[in-house]
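Chain letters run A, B, ... following the sequence lines, proteins first, then strands; residues in each count from 1. None of these values were measured; they are calculated from a predicted model.
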Protein chains: 2
Amino acid sequence: MNSTLKDIARELGVSVSTISRVVNNKTYVNPKTRKIVLEGLKKFNYMPNQVARSLKKQSTGTVGIVVPDISENFFTEIIKGIDEVLGKKDISIVLADSSESAQKETNYLKLLYQNRIDALILATVSKNHDALDIYNSNNIPVIFIDNMPDNDHNFDSVIIDNNKASLLAVNHLIENNHRDIAIIVGSPDETTGYERLNGYRRALEQHNIIIDEHLIQYGNYKEDSGYQCMKALIQNRKDHPFTAIYIGSEMMTYGAIKAIKEYDFRIPEDIALVGFDVHDKSGLITPGITSVRQPENYIGKTVANLVINRLKEKKGNSHMNPVYQHIVLEPSLEIRKSSNNRDL
Amino acid sequence: MNSTLKDIARELGVSVSTISRVVNNKTYVNPKTRKIVLEGLKKFNYMPNQVARSLKKQSTGTVGIVVPDISENFFTEIIKGIDEVLGKKDISIVLADSSESAQKETNYLKLLYQNRIDALILATVSKNHDALDIYNSNNIPVIFIDNMPDNDHNFDSVIIDNNKASLLAVNHLIENNHRDIAIIVGSPDETTGYERLNGYRRALEQHNIIIDEHLIQYGNYKEDSGYQCMKALIQNRKDHPFTAIYIGSEMMTYGAIKAIKEYDFRIPEDIALVGFDVHDKSGLITPGITSVRQPENYIGKTVANLVINRLKEKKGNSHMNPVYQHIVLEPSLEIRKSSNNRDL
DNA sequence: GTGAAAGCGCTAACAC
DNA sequence: GTGTTAGCGCTTTCAC
């Protein structure tokens, strides 16, 4: 069995507080006793009980992360970035996967609160954030990534400029002589859907292209919805023709391509394509897919530093700086074969 | 601020223990007081402090998972399987990424112990498991996945039959008329390396093919090592010719293909290829890669059920059943274009 | 059926 | 420089 401070204190004939002092080496301890204690700790292989510590200190040294899907590279790369920074500060991470379910997300928010995480990083899929009230009222920092919350902004956030992301994508297609450009995008209830659609509209308007609302399809980020949306577009092609498509997520991109292939259209010759967040770890995806990319690692590091600052503030004043930070990072466009038919 | 049992007790004029009773609804409580208490709990939006609970109960309801790389689909799919089962039992998961570093792994084992996880699921990259002694002596179940520990087997495990995996892969190549088959495999210090190499040898021996030791390359599971190993094989090709290659991990497979392409060899015409754990989420990898596949979701669920059983045992006897379980699951072979040149 | 009280393992005043 | 003690929030035994 594991020994506690009390056990060791009894054994060594010193008080618990003395041992606690050398374990945490804060106050000065007589070098002689310190040595005795250190040997005792080693002998008993003392491992502090973090649970007891957390209870006493009212802080667990843990931050919670909730994402919709840990098998998406986009999220795992962010998590790694976060981990790189927080690990150095001895802050542990508790990771939860909401499986794109608002209900599960809410449950996790409660669960994590009960576990008294020191801060929360949230890639929300929900419109309702009442579960965050308890974080607010207990002064626990919450930082949004990927998606912003609906109404009030009592939280920090780190996202990319989704509007600009779409401008990059659509302008690129326009430069490649496309004017009839369709889009498959997430629900406008989420900022990632709303802002990306916005950018699409703006790009077209800037080039005086009249927007055909039939070329706009709303998906749910999953592969099958990309497939279904693409099918719908293709079936309407007679009345609402298009030569290019812009798709707002990785899995929907793969689904859409599946549909395109089923109808024997060629990419990019018949349909030029720009995706979003496409990670080709294999380097073998054919055709290479032009895609909007986000700086995942940097997002992760930025979020982590924000967390650290918030935690530092809290230790100081006891009240957080009420000015919330909304950090907006730059997306980029990775150009591959799928969009390039300038030579036709 | 958050209210505690004490706060609410004072407010309602009942004792702390009564409230605790209705919160956990174990003992019978007078329906009238129960009602009063329930209303009070709602009014104050009571959220139990899991830290205090854990300290008192000497159990956190949390299991730790340590994997070498959360961006590998192999691991995230396992984690999802685990989560599906444990989530239903209200057991939370703490996830740690050791980044393929034995040092980091050891640190996490200590950290997780200090956080008093109730059980540990470990995909080890280390040869030294001294850090697990403390788990052993405190009766905390440890379950290995993917790799087995070096010497003693005081732990449960859930792995696939790696030997058989190689038989599937190599026999398939032999059936496609290959006899000079190279291999890139993980370090023989790990069971995933050792057993996969073993199976490779056995398959060749069973077909009376003399093994050319020069065709055996040891990598470290990362992409670049696949690339380097493949390059080495190609450069020795004059003296040690081969027409097919079997590669023991996903990222090494991609690295190896990169090298093959650099030398302008064709797959499968010049070099037929079988990979391991290749996940093609896009469905667009060209050529399609024949690969050994593991039942990740099922592995996850199996591990989770083992955890649950161990925890149940512990609650009962206080001593765990000393018979350790080593569950071995079946790999399968997913056949695609990369290995198929039977028609040549 | 309910309350009082001990105690999980630790930290941090406060005394000396 | 070190020990004593209270208490973090909770569960659970033991009285009544």
Side-chain angles (χ1 to χ4, degrees), chain A residues 1-38 40-41 44-62 113-118 134 138-139 315 318, chain B residues 1-38 40-41 44-62 113-118 134 138-139 315 318:
Chain A
M1 270 298 291
N2 195 51
S3 22
T4 68
L5 284 191
K6 207 165 145 194
D7 299 336
I8 300 179
R10 197 189 321 107
E11 208 67 29
L12 297 184
V14 293
S15 77
V16 254
S17 42
T18 299
I19 308 193
S20 172
R21 283 182 188 110
V22 350
V23 169
N24 301 290
N25 57 234
K26 290 202 158 174
T27 333
Y28 194 74
V29 178
N30 185 313
K32 268 188 181 163
T33 41
R34 164 180 229 87
K35 188 160 174 262
I36 296 173
V37 170
L38 282 175
L41 290 174
F44 290 98
N45 189 24
Y46 175 69
M47 296 286 245
N49 184 325
Q50 185 58 43
V51 178
R53 245 182 199 171
S54 298
L55 179 59
K56 177 65 195 177
K57 309 231 304 190
Q58 298 289 79
S59 149
T60 54
T62 291
Y113 175 74
Q114 294 183 179
N115 281 287
R116 296 301 189 269
I117 52 174
D118 288 347
I134 190 135
N138 285 283
N139 217 19
K315 246 187 175 173
S318 95
Chain B
M1 267 298 290
N2 196 50
S3 24
T4 67
L5 285 190
K6 209 167 144 192
D7 299 336
I8 300 179
R10 196 187 323 105
E11 208 66 29
L12 298 183
V14 294
S15 76
V16 190
S17 38
T18 299
I19 307 195
S20 171
R21 282 181 188 112
V22 350
V23 169
N24 301 290
N25 58 237
K26 289 201 159 172
T27 334
Y28 194 74
V29 178
N30 185 311
K32 267 189 183 163
T33 42
R34 164 178 229 90
K35 189 162 172 261
I36 294 172
V37 170
L38 282 174
L41 290 174
F44 290 97
N45 190 22
Y46 175 68
M47 295 285 248
N49 183 324
Q50 185 57 45
V51 178
R53 239 180 205 174
S54 298
L55 178 60
K56 179 65 196 178
K57 309 230 302 190
Q58 298 289 79
S59 149
T60 54
T62 291
Y113 175 74
Q114 294 183 179
N115 280 289
R116 296 303 189 270
I117 53 174
D118 288 346
I134 190 135
N138 285 283
N139 216 20
K315 245 188 175 173
S318 95

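Atom CZ in R34(B) sits roughly 14 Å away from atom P in dG3(C) (whole-Å rounding). Nucleotide dT2(C) holds its P atom 11 Å from the NZ atom of K32(B), rounded to whole Å. Here dG3(C) presents its P atom at 11 Å from CG of N30(B), a figure rounded to the nearest Å. Taking atom CD1 of I8(A) as the reference point, atom P of dG3(D) lies 15 Å away to the nearest angstrom. At whole-Å resolution of the value, CD in Q114(B) and P in dG9(C) are 15 Å apart. Look at OH on Y28(A): it is 20 Å from P on dA12(C), rounded to the nearest Å.
Distance CG/L5(B) to CD1/I19(B): 6.0 Å, rounded to 0.5 Å. Atom CZ of residue R34(B) and atom OH of residue Y28(B) lie 8.0 Å apart, to the nearest 0.5 angstrom. In this structure, the separation between CZ on R116(B) and CG on L55(B) is 10.0 Å, given to the nearest 0.5 Å. Taking CG from N2(A) and CG from N49(A), the interatomic distance works out to 8.0 Å, rounded to the nearest 0.5 Å. Between the CD1 atom of I117(A) and the CD atom of Q50(B) there is a distance of 13.0 Å, given to the nearest 0.5 Å.
Within 4.0 Å of T27(A), counting heavy atoms only, lies no atom of the nucleic acid at all. Heavy atoms of S54(A) sit nowhere under 4.0 angstrom from any nucleic acid atom.
Under the 3.5 Å distance criterion, the side-chain polar atoms of N24(B) are left unmatched by any main-chain donor or acceptor of K26(B).
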Checklist outcome for this item: Readout for nucleotides 7-16 of chain D: B = base within 4.0 Å of protein heavy atom, S = sugar-phosphate only, - = neither; 5' to 3' it is BBBBBBB---

